[in-house]
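As structure tokens, the structure follows; a few thoughts come after it.
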Amino acid sequence: MNPLNALAATDPALVHMIAAEEARQFYTAKLIPSENYASSAVMEATGTVLTNKYSEGYAFKRYYEGQQFIDQIESLAIDRAKALFGADHANVQPYSGSPANLAVYTGLIPKGSDNQRILGLGLPAGGHLTHGWKVSATSRFFQAAQYGVDPVTHLLDYSAIAAQALEFRPAVLICGATAYPRIIDFAKFAEIAHACGALLVADMAHIAGLVAGGAHPSPVPHADAVTTTTHKTLRGPRGGMILCKSQHAAAIDRAVFPGLQGGPHNHTTAGIAVALKEAATPEFRAYAHQIVANSRALAATLQSEGLPLATGGSDNHLILFDATALNATGKQAAQAMDLAGLEANFNSIPFDTRSPFDPSGVRIGTPSLTSRGLKEAEMAHVGKWIAQAIRGREDAAVLARVRGEVFDLMAQFPPPGFEQPYPARP
Ligand SMILES: *Cc1c(COP(=O)(O)O)cnc(C)c1O
């Protein structure tokens, strides 16, 4: 990693905080499924003079002079996005995943149209806030309703969704999730959208890297527009991206700028271009498939430790388990895991009877550990440590022992983006 010499001279207090975070990231087992480690190449691109430039508008149609190189950089990112995902059109300017979603609804739903309805997966069932959940501005600007998952299997029930869509008649049907451990059938969603006259938006924020690497079916052939973050399984810098069919390109571009944003973050665009190049390699394909293999292995270990899983397993990068089976709430389990060096987040399970502030579940995933090179054999250890931490949540000696073992293993698998000398053990 960059030795931060200039920063150390200007702001030593900040460098101290960053160094502590570096050590934390290096030694903890990051199980948060939406996080990853950007490569050194991606981080170098984001730390360049590109941050100095205003570029409102799009390549060759800007509102500021001096764009000859920025136009090349943005065009490179766009061309790589289109090639990697087989899309007609790409917009790489959204500041992140949430603004990308708002931009797509704004672009696809004409101002003043009678139908301002959006239908997405509810938050408690694994949907994202920006799919029209009540506290999100997406439900303030659009008339939102939510579908759920099957109460018994926790799987998407496509016939129930179809019935609800026919009744609600949304202008935009949204598919994609933030806590769904199975394959999403985008072709079925497209059928449902067509049957009710809606446009289909697929939000692949969590699974973009799996899609790029061929480890999850692509929504691109089926959806009118596809949104994504660039920093989750895609392993780029923090950012957002929209892919769409040609007929929606102009409306979506206008919604991003000037509709919702000002100048694009050119240093992020450069980092996205690098990540897209990396994601087009055979190594990344292998990475994407290993994420899923690791998730299956970890799921099997957790089940053998007596932890029930939402949907009964995992076909992607993500696992949602019910901690109450080990006599802990989701929050207690996540806190115990944190003390044991296992970083996760508490999460509602479908039809959770507990409050969202202390739900029954914990959400974990394998993208980060897979980036570090861990495989199925190590997943068995991780699964056992999770169970030991939850069972031993009141036993400081158990938590300290697990933490030591986690740190030892992590030290053997340095993450991308960290260069020697590695941080000292905290
Ligand atoms: C993470 C996520 C987003 C939002 O991304 P931010 O970059 O955090 O704004 C949107 N949709 C889904 C499904 C996500 O998982």
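One-based numbering along the sequence shown. Start at 1 and go down the list; that is how both ligands and their atoms are numbered.
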With backbone taken as N, CA, C and O and side chain as the heavy atoms from C-beta onward, which portion of [X] lies under 4.0 Å from ligand 1: side chain, backbone, both, or neither?
X: Ser98; result: both
X: His231; result: side chain
X: Ala100; result: neither

So which of [options] actually passes side chain to side chain donor-acceptor pair (under 3.5 Å) with [X]?
X: Thr178; options: His128, His131, His206; answer: His206
X: Lys30; options: Glu35, Gln25, Glu343; answer: Glu35
X: Ser55; options: His265, Gln93, Gln67, Glu74; answer: Gln67

Can you confirm if the NZ or CZ of Arg235 lies within 45° of the ring axis of Tyr287 and under 6.0 Å from the centre of its six-membered ring?
yes
Numbered atoms of ligand 1 (with element) below 4.0 Å of Ala177, judged on heavy atoms
13 (C)
Ala205 to ligand 1: N or O pair under 3.5 Å?
no
Report yes if Thr130 has an N/O atom closer than 3.5 Å to an N/O atom of ligand 1; otherwise report no.
no
Nearest non-hydrogen contact to atom 7 (O) of ligand 1 from the set Pro94, Ala179, Ser96 belongs to Ser96
Taking [atom] as the reference point, the nearest protein heavy atom with its distance:
atom: atom 5 (O) of ligand 1; answer: Thr229 CG2, 3.2 Å
atom: atom 3 (C) of ligand 1; answer: His128 NE2, 3.2 Å
atom: atom 12 (C) of ligand 1; answer: Asp203 OD2, 3.2 Å
atom: atom 2 (C) of ligand 1; answer: Lys232 NZ, 2.4 Å

Ignoring hydrogens and angles, state whether a donor on the side chain of Asn316 or Tyr180 is under 3.5 Å from an acceptor on the partner side chain.
no
Cationic N near anionic O, under 4.0 Å, Glu378 to Arg372:
no
Flag if over 12 foreign heavy atoms under 6.0 Å of OH, Tyr158:
yes
Report yes or no: does a heavy atom of Ser34 sit under 4.0 Å from some atom of ligand 1?
no
Heavy atom of Met204 under 4.0 Å from ligand 1?
no
Can you name the closest pair of heavy atoms from Cys196 and Pro170 and give their distance?
SG-CD, 4.0 Å
Do Phe189 and Phe186 have ring centres separated by under 6.0 Å?
no
